[in-house]
Number of protein chains: 2
Amino acid sequence: MARGAVTLRVMTPSAATPAYRRLSVEERRSQLLDAALTLFAHRVPEDVSLDDVAEAAGVSRPLVYRYFPGGKQQLYEAALRTAADELRQCFDEPRDGALLPRLARALDRYLAFVDQHDAGFSALLQGGSVVETSRTTAIVDGVRRAAAEHILSHLGVADPGLRLRMTVRMWITAVEAASLIWLDEGKQPPVEELRDWLVEQFAAVLSVTANRDPQTAALVEALAGDV
Amino acid sequence: MARGAVTLRVMTPSAATPAYRRLSVEERRSQLLDAALTLFAHRVPEDVSLDDVAEAAGVSRPLVYRYFPGGKQQLYEAALRTAADELRQCFDEPRDGALLPRLARALDRYLAFVDQHDAGFSALLQGGSVVETSRTTAIVDGVRRAAAEHILSHLGVADPGLRLRMTVRMWITAVEAASLIWLDEGKQPPVEELRDWLVEQFAAVLSVTANRDPQTAALVEALAGDV
């Protein structure tokens, strides 16, 4: 897509008469994606039309098509990529202080993301949506891999073995499942309890693996001294 | 589909000349589904054609179409339903003896199923396949729900609360993740180790939840006396 400023007609809800606003291509694209993400948060992707996005963003339908000529599927994938980037940022945590509080802070950001994106988050992870394709699955898998890599790098293990990698990936899947159930259950238990509970589960499954795997045992011992 | 016997032409690999064998409609259907499941175990669904199924079953392509007029998608869904029924049977475990050995026996059957269905199992759970639809997702979700209900009924809790239900569902998701990684990693660690490890994780996450939930605490206490 060409970069540069374009002049586009904008209907703002506050103005009775059409207003003209100058947005760069990137700004406009990002405005449309924000509008789409907000809609996806409250409805399943199948129920969001390009008309809805145009209305929410206060622009014309042809404009939405100009930015997303591939229609709904392209818009959905672009919105998903934006959400995936945002989700990856949740994992950014300085390597300072004890490990479990770092994990708790990353979980706080992750759960705030889940809370904000709500139905869109469920639709995304539960799959089976009409807009599910191998590309959307690859985006979601990329986020899972990034989460696993972040955790392993915080654990400070240079060459994590199979049992440690499996433990981390199983816990990440359990966190995903917890997020979906949490949304289904009207965001119960309270988010702080959910966060602490997930951190405790991480410590517990790591300890179980430590009984079978010397690498994880050494790690758990190091973490025990890390308060 | 009408029940009854039909006479169909069968090419058997051992016979140089066509042989005629009498199979009932149900027997024939189940023969075709077995052939399909064997193919799905070694290739992703996208790479299995009706020709392949006809060849593997030693029958003509029109015959496969007669049983599955909806083509590949219908065959895949029928095979998936058969696999889902088989998977549910893995969970059947008498309510005798201590709980964790019961769980270990059910896991043995489940992991044997994963081992046998291999690539088909991964394709099914990883989604993103061209044949993924909301119907296939519903079949898989039905199996997950059945697994959770089985475990809760074995736990003997009449009215399981949110925290206990979440714990069970999170563990089931972690088991699924473990199965997929296990297949990816050339079926390592050895299946007996994986089974014991998963049982230990179940006990560990239940104990973590017990610290936050009186119902789970009472359950863990009861299980401790149940050797």
Side-chain angles (χ1 to χ4, degrees), chain A residues 44 46 123 125-141 144 148 161-163 165-182 184-186 188-190 193-194 196-213 216, chain B residues 44 46 123 125-130 132-141 144 148 161-163 165-182 184-190 193-194 196-213 216:
Chain A
V44 293
E46 294 89 309
L125 287 188
Q126 282 175 322
S129 140
V130 292
V131 293
E132 167 118 8
T133 65
S134 53
R135 282 193 305 279
T136 59
T137 306
I139 297 171
V140 177
D141 277 344
R144 288 188 183 120
L162 173 61
R163 288 160 185 79
R165 284 185 285 117
M166 276 181 89
T167 307
V168 168
R169 287 175 62 187
M170 287 164 75
W171 179 79
I172 288 170
T173 318
V175 169
E176 270 182 37
S179 315
L180 291 174
I181 303 169
W182 184 70
D184 263 0
E185 297 278 350
Q188 284 301 315
E193 179 182 341
L194 179 60
D196 291 345
W197 187 19
L198 292 172
V199 171
E200 289 160 13
Q201 287 190 19
F202 182 75
V205 291
L206 216 54
S207 296
V208 165
T209 303
N211 292 332
R212 317 193 144 267
D213 179 46
T216 309
Chain B
V44 294
E46 294 89 310
L125 288 188
Q126 280 174 325
S129 141
V130 291
E132 167 118 7
T133 64
S134 53
R135 280 193 306 279
T136 59
T137 307
I139 297 171
V140 177
D141 277 344
R144 287 185 185 123
L162 173 61
R163 287 160 186 79
R165 284 185 285 115
M166 277 181 87
T167 306
V168 168
R169 286 175 62 187
M170 287 164 76
W171 179 79
I172 288 170
T173 318
V175 170
E176 270 182 38
S179 315
L180 292 174
I181 303 170
W182 184 70
D184 263 0
E185 298 278 350
K187 306 189 177 172
Q188 285 299 318
E193 178 181 342
L194 178 60
D196 291 344
W197 186 21
L198 292 172
V199 171
E200 288 161 13
Q201 288 190 18
F202 182 76
V205 290
L206 216 53
S207 297
V208 165
T209 303
N211 292 333
R212 318 193 144 266
D213 179 47
T216 308

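Numbers restart at 1 for each chain; the letters A, B, ... are given by sequence-line order, proteins then strands.
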Examine whether an atom of [X] lies under 4.5 Å from a heavy atom of chain B, and if so say whether it belongs to the side chain, the backbone or both; otherwise answer neither.
| X | value |
| --- | --- |
| A:S207 | neither |
| A:Q201 | both |
| A:L206 | neither |

Legend entry - Minimum heavy-atom distance between A:R163 and B:P189, given as atom pair plus value: NH2-CB, 3.3 Å

Legend entry - B:A177 to A:T173 - nearest heavy-atom pair and separation: CB-OG1, 3.3 Å

Legend entry - Residue pair B:D196 / A:R212, side-chain heavy-atom distance below 4.5 Å: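 Sidechains of A:R212 and B:D196: in contact.
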
Legend entry - Pairwise side-chain contact, A:M166 with B:L194, heavy-atom cut-off 4.5 Å (strictly under): yes

Inset, instruction - List in chain and number order the residues that pass salt bridge (Lys or Arg N to Asp or Glu O under 4.0 Å) with B:R144, two or more places apart in sequence or in another chain; answer none if no residue qualifies. - result: B:D141, B:E176

Inset, instruction - Determine the option with the most heavy-atom pairs under 4.5 angstrom with chain A, choosing from B:Q188, B:M170, B:R169, B:E185. - result: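 That would be B:M170.
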
